[in-house]
Amino acid sequence: MPDVPKEAQRVLDTMAGLDQIADPVERARAMTVVLDGLKGLAELRGEVVVELLARPGASLRTVGDDIGLHHTTVRSIRDSHLRRLERDGT
């Protein structure tokens, strides 16, 4: 795995620790908070992908190489983000 930024590692560590919560109700609540946060993260990633694709000379492949994703995944992220913007009228 490539070097993980410290901020991302903290999130991964937190997620890994969720199974350590003994009370199943509290564990489920904590997981819900994390999953809700991930939805917001997915939206932010869409914004960043569109921004990266707007750079001069950028392509699905170059952006994919830059961020460690296959170009078809980058296309899917972009398309999903643009559909969401169109749906929301923004």
Side-chain angles (χ1 to χ4, degrees):
M1 177 180 246
D3 289 335
V4 178
K6 64 181 178 181
E7 295 84 357
Q9 188 60 54
R10 284 196 303 262
V11 172
L12 293 173
D13 292 343
T14 298
M15 290 174 53
L18 291 175
D19 65 342
Q20 300 300 313
I21 300 172
D23 182 340
V25 172
E26 290 302 314
R27 188 169 56 246
R29 285 182 183 157
M31 290 176 179
T32 298
V33 169
V34 171
L35 290 170
D36 286 347
L38 291 177
K39 291 176 192 172
L41 189 61
E43 290 178 23
L44 288 173
R45 183 171 73 166
E47 290 175 16
V48 171
V49 163
V50 169
E51 179 183 337
L52 292 172
L53 287 167
R55 296 180 303 179
S59 69
L60 295 171
R61 288 185 190 276
T62 60
V63 170
D65 290 345
D66 288 346
I67 63 176
L69 296 174
H70 193 271
H71 69 277
T72 58
T73 303
V74 173
R75 182 179 57 224
S76 176
I77 293 167
R78 178 204 60 195
D79 293 350
S80 176
H81 180 71
L82 294 177
R83 278 192 305 273
R84 187 178 309 110
L85 290 177
E86 185 176 307
R87 180 192 71 217
D88 295 345
T90 56

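These numbers come from a predicted model, not from an experiment.
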With a cut-off of 3.5 Å and sequence neighbours excluded, list every side-chain donor-acceptor pair involving residues 11-31.
| residue | atom | partner | partner atom | Å |
| --- | --- | --- | --- | --- |
| Asp13 | OD1 | Gln9 | NE2 | 2.7 |
| Thr14 | OG1 | Arg10 | O | 2.9 |
| Asp23 | OD1 | Val25 | N | 2.8 |
| Glu26 | OE2 | Arg29 | NH1 | 2.9 |
| Arg27 | NH1 | Ile21 | O | 2.6 |
| Arg27 | NH1 | Ala22 | O | 3.4 |

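- Remark: His70 NE2 to Ser76 OG distance equals 12.5 Å, nearest 0.5 Å.
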Stepwise side-chain contact (heavy atoms from CB on, under 4.5 Å) test for Leu44 and Glu47: CA-CA 5 Å; Leu44 288 173; Glu47 290 175 16; 3.9 Å; yes
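- Note: His71 NE2 to Thr62 OG1 = 11.5 Å, rounded to the nearest 0.5 Å.
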message: For a side-chain contact (heavy atoms from CB on, under 4.5 Å) check, start with the C-alpha distance between Lys39 and Leu35, then their side-chain angles and the critical distance, and finish with the verdict.
response: CA-CA 7 Å; Lys39 291 176 192 172; Leu35 290 170; 5.6 Å; no
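- Hydrophobic side-chain contacts under 4.5 Å tie Leu60 into a cluster, directly or through other members, with Val48, Val49, Leu52, Leu53, Val63, Ile67, Leu69, Val74, Ile77.
- Applying the 6.0 Å contact sphere to CD of Glu7 captures more than 12 heavy atoms from other residues, nucleotides or ligands.
- Sparse packing is recorded around CZ of Arg61, with 12 or fewer heavy atoms of other residues, nucleotides or ligands lying under 6.0 Å away.
- Rounded to the nearest 0.5 angstrom, Leu38 CG and Glu43 CD are separated by 11.5 Å.
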